[in-house]
*Asks:* 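Okay, here's the structure, questions in a sec.
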Amino acid sequence: MLLAKKCQVQVNMQTKIRNAGDKAKLISANDTSGFTFRGRFNKADESAAISYEVSQKAHNALKWLINKQGKIIDQRVFLVWSNDAMPIPDVVDDSYSIFSSSEKSSNEDESTFYTQEEFANEFAKAIDGYKNNLSTKANIQILILDSATTGRLAVLYYRSINQEMYFNRIKNWHTTAMWEFHYRKDHNGEFVKFYGTPATKDIAFAAYGPHVSEKVVKGLMERMIPCIMDEKKIPVDIVRSAIYRASNPVSMEKWQWEKTLSITCSLVSKHEGGISVALDKESMDRDYLFGRLLAIADVLERNALDSGDQRATNARRYMNSFSQHPARTWKTIQDALQPYQARLGEKFGIITNY
């Protein structure tokens with residue numbers, strides 16, 4: 001009991017880990033209320049003891065790291081750190097953030113790439129640029145913390161991984177799930193085009209909407225980290241949810257739908273092991289052929305409209321219905337296209353050749 005009381009005095013001093021008002025503790029020997037260790041031990045003195053000095057060092061170092069470089073979403077902490085002085089790319093960041101940070105010391109005018117192959121090569125160089133300055137003996141730590149109750153903090157995920165393996169996993173993720181994106185802004189506030197992989201937080205917004213609660217966002221981010229670090233497949237429910245939202249463009253603004261669509265394409269490409277964007281005229285897949293048909297309808301109407309007319313085309317308006325009932329919905333779309341076909345005249349034949 002003396003050990004239990006001593007631990008309790010020490011533990012009460014190890015709060016405020018995530019913020020100044022945080023009362024959750026990683027180590028606790030209190031079982032008079034809350035039952036913090038019951039189910040693991042019968043008595044408090046059966047648990048391992050930790051000295052006051054070691055506890056102070058560990059907890060204060062963790063507080064400092066969280067305050068310095070941790071990402072906190074709805075009180076869930078995502079933390080990546082290393083013992084080396086070199087900056088470490090965060091596992092939850094997108095390719096633009098990682099690549100631009102590694103290019104700051106080089107020529108910024110060369111940071112735009114126009115093909116996925118070029119991006120893959122340049123991103124690999126950026127990652128290798130980190131690797132060339134790192135010790136192979138040092139490890140990178142990945143930690144996720146959260147509390148289910150007010151007084152107890154839990155370690156949800158922890159990995160200590162060799163730096164070379166860490167960078168290889170990061171490189172693999174960002175070069176196998178890449179797509180073209182236009183939603184990021186540079187330091188001048190201008191939208192930039194980049195090839196790569198979206199941030200896990202943006203994946204949450206694409207799958208569940210921009211107004212989704214932080215509880216859902218942090219849950220998805222936690223589920224995505226094993227996909228990056230352990231190379232597991234993306235959960236199919238996340239992919240399906242993103243596909244469903246991307247198939248309903250009328251529910252979003254144009255820029256938001258384009259962002260959702262590009263992120264969804266990235267997820268599908270990764271989940272399916274890579275997809276080609278080149279036109280496959282030999283494919284007889286029903287879904288692929290209906291997709292081509294809808295794309296032609298969208299391009300046809302967009303070409304017939306004035307440049308200043310930004311209204312949604314019939315193809316986009318009926319996309320969700322078309323994905324569920326393509327044969328029935330196509331008649332509606334085709335009837336709506338008649339005036340635009342007449343307006344295009346000879347150009348109509350050129351478009352339909354694709």
Side-chain angles (χ1 to χ4, degrees), residues 80 87-132 166-207 210 220-221 224-225 227-229 231 233-234 238-239 242-243 245-246 249 252 254-280 288 291 295 298-299:
V80 179
I88 303 298
D90 202 321
V91 66
V92 298
D93 279 343
D94 59 20
S95 301
Y96 182 80
S97 299
I98 296 176
F99 183 76
S100 60
S101 64
S102 67
E103 287 290 305
K104 286 181 180 178
S105 59
S106 62
N107 189 351
E108 294 184 355
D109 294 334
E110 298 178 358
S111 62
T112 301
F113 308 99
Y114 299 97
T115 69
Q116 294 185 6
E117 182 179 1
E118 288 173 349
F119 167 78
N121 293 334
E122 293 300 328
F123 187 85
K125 290 178 184 177
I127 293 296
D128 289 336
Y130 281 110
K131 290 170 61 177
N132 291 337
Y166 177 85
F167 282 106
N168 286 336
R169 297 286 172 84
I170 291 288
K171 184 194 328 186
N172 178 70
W173 168 255
H174 285 270
T175 54
T176 58
M178 59 185 175
W179 207 259
E180 180 182 333
F181 301 99
H182 300 268
Y183 62 86
R184 287 299 304 268
K185 293 183 179 180
D186 59 15
H187 58 280
N188 296 321
E190 299 292 333
F191 284 99
V192 294
K193 177 176 71 173
F194 74 98
Y195 288 95
T197 303
T200 52
K201 192 171 184 178
D202 287 322
I203 293 175
F205 293 149
L220 182 139
M221 291 176 67
M224 289 299 299
I225 287 180
C227 302
I228 303 171
M229 299 314 305
E231 297 184 342
K233 293 201 70 172
I234 300 175
I238 296 176
V239 180
I243 291 174
R245 291 197 70 248
M252 297 171 269
K254 183 175 181 293
W255 69 268
Q256 187 181 12
W257 174 71
E258 291 177 347
K259 175 181 178 180
T260 300
L261 179 64
S262 58
I263 293 175
T264 302
C265 290
S266 174
L267 295 177
V268 172
S269 177
K270 178 64 177 178
H271 190 267
E272 299 297 328
I275 56 176
S276 175
V277 295
L279 178 61
D280 183 7
Y288 187 81
D298 181 59
V299 173

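Along the sequence shown, the residues carry numbers beginning at 1. These figures come from a predicted structure and were not determined experimentally.
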*Asks:* In Å and rounded to the nearest 0.5 Å, what is the OG1 to CH2 distance from T264 to W179?
*Replies:*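 Between T264 OG1 and W179 CH2, I get 10.5 Å after rounding to 0.5 Å.
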*Asks:* Evaluate whether atom NZ of K201 has more than 12 neighbouring non-hydrogen atoms of other residues, nucleotides or ligands under 6.0 angstrom away.
*Replies:*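 For K201, atom NZ is not crowded (no more than 12 foreign heavy atoms under 6.0 Å).
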*Asks:* Quick one: do E258 and K254 satisfy side-chain contact (heavy atoms from CB on, under 4.5 Å)? Show the steps, please.
*Replies:* CA-CA 6 Å; E258 291 177 347; K254 183 175 181 293; 2.6 Å; yes
*Asks:* What are the two closest heavy atoms between S95 and Y195, and how far apart are they?
*Replies:*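 Residues S95 and Y195, closest heavy atoms: CB-O, 4.1 Å.
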*Asks:* Just how far is it from atom CE of M224 to atom CG of L267, taken to the nearest 0.5 Å?
*Replies:*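 M224 atom CE to L267 atom CG measures 6.0 Å (nearest 0.5 Å).
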*Asks:* Tell me the closest heavy-atom pair linking K193 and E180, and the distance in Å.
*Replies:*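 In this case the closest contact between K193 and E180 is CD-OE2, 3.0 Å.
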*Asks:* Would you please test H182 and W255 for side-chain contact (heavy atoms from CB on, under 4.5 Å) and show each step?
*Replies:* CA-CA 9 Å; H182 300 268; W255 69 268; over 6 Å; no
*Asks:* Taking atom OH of Y288 and atom CG of L279, what is their separation to the nearest 0.5 Å?
*Replies:*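 Those atoms lie 4.5 Å apart.
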*Asks:* Going from CZ on F205 to CZ on R245, what distance comes out if it is rounded to the nearest 0.5 angstrom?
*Replies:*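 Atom-to-atom, F205:CZ and R245:CZ are 10.5 Å apart.
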*Asks:* Could you check Y166 against V80 for side-chain contact (heavy atoms from CB on, under 4.5 Å), going step by step and ending with a plain yes or no?
*Replies:* CA-CA 11 Å; Y166 177 85; V80 179; 3.7 Å; yes
*Asks:* For A199 versus Y183, what's the shortest heavy-atom pair and its separation?
*Replies:*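 The pair with the smallest heavy-atom distance is N-OH, 4.4 Å.
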*Asks:* Got a second to check how far I238's CD1 is from L220's CG, nearest 0.5 Å?
*Replies:*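 Rounded to the nearest 0.5 Å, the CD1-CG separation comes to 4.0 Å.
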*Asks:* Enter the distance from N172:CG to K270:NZ here, rounded to the nearest 0.5 Å.
*Replies:*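 One gets 4.5 Å once the value is rounded to the nearest 0.5 Å.
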*Asks:* So, for I234 and H271, which heavy atoms are closest and what is the spacing to 0.1 Å?
*Replies:*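 Heavy atoms only, the tightest pair is O-CD2, 3.2 Å.
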*Asks:* Take the angle between the ring planes of F194 and Y96 and call it parallel below 30°, perpendicular above 60°, tilted in between.
*Replies:*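 The arrangement is tilted - the two ring planes meet at 30° to 60°.
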*Asks:* Closest heavy-atom contact between A206 and I263?
*Replies:*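 Distance-wise, the nearest heavy atoms are CB-CG2, 3.7 Å.
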*Asks:* Give the C-alpha distance, both sets of side-chain angles, the deciding distance and a yes or no for side-chain contact (heavy atoms from CB on, under 4.5 Å) between T197 and I228.
*Replies:* CA-CA 11 Å; T197 303; I228 303 171; over 6 Å; no
*Asks:* Within the 4.5 Å heavy-atom criterion, are M252 and P210 side-chain neighbours or not?
*Replies:*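 No, their side chains stay 4.5 Å or more apart.
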*Asks:* For residues F181 and G196, report the shortest heavy-atom separation together with the two atoms involved.
*Replies:*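 Minimum heavy-atom separation between F181 and G196: CE1-O, 3.0 Å.
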